[in-house]
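For reference, the structure is listed below as structure tokens.
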Amino acid sequence: MTVVDTTPAAALREATIPPDGMYEGARVLRRLPEEWEERPYERFEVAPLGRVIGAEIRGLDLSRPLEPALREELNRALLEWKVIFFRGQHLTPEQQRGFARHWGELETNPLLAAGSSEDVVRFDKGSGATPTFENIWHTDVTFRARPALGAVLQLREVPPVGGDTMWADMAAAYDNLPAEVKERIDGATAVHDFIPGFARFYEPERLAPFQEVFPPVEHPVVRTHPETGRRMLFVNTSFTTRITGMEREESDRLLSFLCRQAHVPEYQVRFHWQPGDIAFWDNRATQHYAVNDYAPYPRVAERVAIEGDRPF
């Protein structure tokens, strides 16, 4: 005969978890917007690399002309997977620029080293180079009034070990926020400024002339994607300095919590590069992180960015 102890359980000792923590438990992992019509791809193969973000596109040669129907299907893949990868393309800078132009005019960035033309950014991380613009979660150029729509990155030279890049789905990050946090940031705006992201590496004399070119701007803390309608967190550690209308301490604490959402592995994909690989990401919907674990080996990449629209 089994005897069940029915005496009341002893009260637990007091143990308060600090607020705004990251807690374990089930997460909502919704890759597509509600009521999105998912259709098969007809012109290429899609191999998912993550649950909510990241897919490899197979069966395409990006050096060939991009017909309108193919462009539209690739755009659907970009919207559905947020970052898409193409292996072994080995595009010339002009071919890389031509591919990106199917999504809009190309952006220039006078704060970064240029490649063969002013709209090609070259990241040449040779042996002994200063590790810059890596190992931090961020969204590109949110200090602009119209941040980039997306970017096309190609690795020219790959280290024998390390040098991966990671992306995080900021719609998934928003979906999993506590209800009370969503209420606090609904309709809120935040200030973005280029100086925090660049002052770590550049002397003031180099940055000062750009203060009038890139004045601080305000963007919604929660952005609505102009094509899918999904709501996404739109703050990042590199460029977001404060939430408008909040006291500094409250703003810092809330921004710290919001920025940490990109760190959740369930929202991420990690890509291991080979020479000639291409990554094309939706800058409106993601953050990314270049892993700086490859010294003393070189890593050379070239990126073209596509002009975007004003966040709403």
Side-chain angles (χ1 to χ4, degrees), residues 33 71-72 74-75 78-79 82-84 96-115 117-123 133 136-153 167-171 173-174 185 187-199 202 207 209-244 255 258-259 262 279-288 302-312:
R71 185 269 178 203
E72 289 308 309
L74 281 173
N75 189 63
L78 180 68
L79 296 178
K82 297 91 179 180
V83 54
I84 51 180
Q96 186 175 343
R97 295 166 69 230
F99 173 76
R101 277 203 196 96
H102 285 91
W103 277 264
E105 293 298 317
L106 302 187
E107 179 182 273
T108 61
N109 191 330
L111 294 163
L112 298 174
S117 63
E118 64 177 359
D119 50 17
V120 175
V121 171
R122 185 173 174 88
F123 300 102
F133 312 116
I136 192 169
W137 283 104
H138 67 286
T139 300
D140 286 340
V141 296
T142 61
F143 57 83
R144 292 181 183 265
R146 297 162 57 93
L149 177 154
V152 178
L153 180 72
W167 284 263
D169 179 354
M170 300 315 293
Y174 174 77
I185 61 178
T189 62
V191 176
H192 296 243
D193 195 334
F194 82 97
I195 291 177
F198 288 90
Y202 292 164
L207 296 180
F210 294 102
Q211 291 186 105
E212 293 185 7
V213 179
F214 300 118
V217 296
E218 288 189 27
H219 296 309
V221 173
V222 181
R223 177 177 186 173
T224 300
H225 197 288
E227 295 187 74
T228 69
R230 288 194 77 175
R231 305 195 77 195
M232 306 159 297
L233 274 182
F234 201 65
V235 295
N236 68 91
T237 303
S238 288
F239 304 122
T240 312
T241 60
R242 60 184 173 87
I243 297 178
T244 309
L255 274 178
L258 295 176
C259 289
F280 179 18
W281 68 88
D282 188 338
N283 196 58
R284 303 164 295 189
T286 61
Q287 291 192 33
H288 56 280
E302 291 186 330
R303 187 194 72 196
V304 293
I306 303 150
E307 291 183 357
D309 57 1
R310 186 178 292 274
F312 63 90

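The chain is numbered in sequence order, starting from 1. Keep in mind it's a predicted model, so treat the numbers as computed, not measured.
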Between [X] and [Y] (side chain of the first, backbone of the second, donor and acceptor by atom type, cut-off under 3.5 Å), is there such a pair?
X    : Y    : result
D119 : L106 : no
R146 : G308 : yes
Q96  : V152 : yes
E307 : T108 : no
T139 : T286 : yes
R284 : P226 : no

Exercise. Will you find, in the side chains of D140 and H288, an N or O donor that is under 3.5 Å from an N or O acceptor?
Worked result: yes
Rounded at 0.5 Å granularity, tell me how far [atom1] in [X] sits from [atom2] in [Y].
X    : Y    : atom1 : atom2 : answer
N109 : E118 : CG    : CD    : 11.0 Å
M170 : R230 : CE    : CZ    : 12.0 Å
D193 : T241 : CG    : OG1   : 6.0 Å
T244 : H219 : OG1   : NE2   : 11.0 Å
L149 : L78  : CG    : CG    : 7.5 Å

May I ask you to test the [X]-[Y] pair for a side-chain heavy-atom distance under 4.5 Å?
X    : Y    : value
L112 : F198 : yes
F280 : I306 : yes
V213 : F194 : no
H225 : P33  : no
L111 : L207 : yes
H102 : N75  : no
V235 : I243 : no
H192 : N236 : yes

Exercise. Which class fits the ring pair F210 and F214: parallel under 30°, tilted 30 to 60°, perpendicular over 60°?
Worked result: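 Judged by the thresholds at 30° and 60°, the geometry between F210 and F214 is parallel.
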Exercise. According to the interplanar angle, ranging from 0 to 90°, do the rings of W167 and W281 count as parallel (below 30°), tilted (30 to 60°) or perpendicular (above 60°)?
Worked result: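 Plane angle between 30° and 60°, so tilted.
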Exercise. Does atom CZ of R310 have more than 12 heavy-atom neighbours, drawn from other residues, nucleotides or ligands, at distances under 6.0 Å?
Worked result: no
For this session: Check the surroundings of atom CD in E72: do more than 12 heavy atoms from other residues, nucleotides or ligands lie under 6.0 Å from it?
Result: yes
Problem set entry | Test: D309 and R223 ion pair at under 4.0 Å | yes
Which heavy-atom pair separates [X] from [Y] by the least distance, and what is that distance?
X    : Y    : result
P196 : S238 : CB-O, 3.6 Å
A145 : P311 : O-CD, 3.6 Å
V141 : E107 : CG2-OE2, 3.6 Å
R144 : P110 : NH2-CD, 4.5 Å
T142 : F239 : OG1-CB, 3.4 Å

